[in-house]
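What follows is a set of notes on a single structure, which appears directly below.
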Amino acid sequence: MSSTQPTPSLLDELAAASARFETASPGEIVSWAIETYSSSLTYACSFQDIVLLDIAVKAAPDLEVIFLDTEAHFPETLAYVEDVRRRYDLNLVVTHPDPAENPVPCGESGCCQGRKVAPLMRAVAGKDAWLTSVKRVDAQTRGDAPIISWDDKFGLVKINPLATWTDEDVAYYEKANDLPIHPLIPQGYLSIGCAPTTRPVAPGEDPRAGRWADSDKTECGLHG
Ligand code: SF4
């Protein structure tokens with residue numbers, strides 16, 4: 001947990017804004033975030049899809065975008081990140097695990113901590129707010145994700161502009177805007193993490209069933 005603590009009035013303001021944005025479009029939420037937090041806003045992109053990235057970077061081309069390179073990604077993910085970086089001329093920050101705490105990519109809880117959580121903690125230090133692509137339909141654990149909240153773990157405001165979107169909304173936006181699709185999605189990888197702990201899912205199977213399939217782990221620690 002971060003040592004940064006929000007005031008009660010800030011928590012009230014965030015809750016009110018979150019409620020107000022329940023029926024807003026992601027573009028409206030992103031515009032508010034950019035106006036409110038300016039260069040103290042960052043976006044940690046999973047690069048599973050680039051819907052929010054497209055919305056955010058069209059609104060703020062210099063927005064900082066973070067990619068958590070766990071050093072265990074699929075080669076297809078790294079190629080996709082590079083394609084997207086070039087397409088948008090991204091202000092991309094790539095994090096890496098600390099070699100001193102770099103266990104073999106294994107699926108154990110300390111693995112995500114060292115490869116994702118700790119690097120993100122370092123990357124967002126000094127920032128006031130971060131955007132994420134979390135959707136309520138992603139997983140049961142995300143079913144009540146607010147649009148705007150205080151992120152106690154990372155010590156800044158967390159903004160989920162796609163929280164109310166469905167997978168169909170995402171697919172529609174991708175098609176309407178001719179966005180590049182992660183090359184593993186057509187191969188059945190509907191939720192994409194690191195190569196050692198991600199498998200494709202069968203038609204009709206829960207998309208996140210392919211993540212940490214050999215354990216009861218369901219989140220990497222960034223969002224729960
Ligand atoms: S997703 Fe799997 S391999 Fe990647 S950091 Fe987390 S536990 Fe390790």
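Start at 1 and go down the list; that is how both ligands and their atoms are numbered.
Within ligand 1, the atoms closer than 4.0 Å to a non-hydrogen atom of Cys194 are 1 (S), 3 (S), 4 (Fe), 5 (S), numbered from 1 in the order shown. The ligand atoms of ligand 1 that sit less than 4.0 angstrom from a heavy atom of Arg115 are 5 (S). Residue contact check: Cys112 has heavy atoms under 4.0 Å from atoms 1 (S), 5 (S), 6 (Fe), 7 (S) of ligand 1. Against a heavy-atom cut-off of under 4.0 Å, Thr197 is close to the following atoms of ligand 1: 1 (S), 2 (Fe), 3 (S).
With sequence neighbours excluded, the residues that form a salt bridge (Lys or Arg N to Asp or Glu O under 4.0 Å) with Lys135 are Asp138, Asp167. With sequence neighbours left out, the side-chain contact (heavy atoms from CB on, under 4.5 Å) criterion links Thr36 to Trp32.
Side chains of Ser9 and Asp12: a donor-acceptor N/O pair is absent below 3.5 angstrom, by distance only.
Contacts between Lys116 and ligand 1 below 4.0 angstrom, taking non-hydrogen atoms only, involve the side chain exclusively.
Ring pair His223/Trp130 is parallel by interplanar angle, where below 30° counts as parallel and above 60° as perpendicular.
In this structure the side chain of Thr132 reaches within 4.5 angstrom of the side chain of Asn160, judged on heavy atoms.
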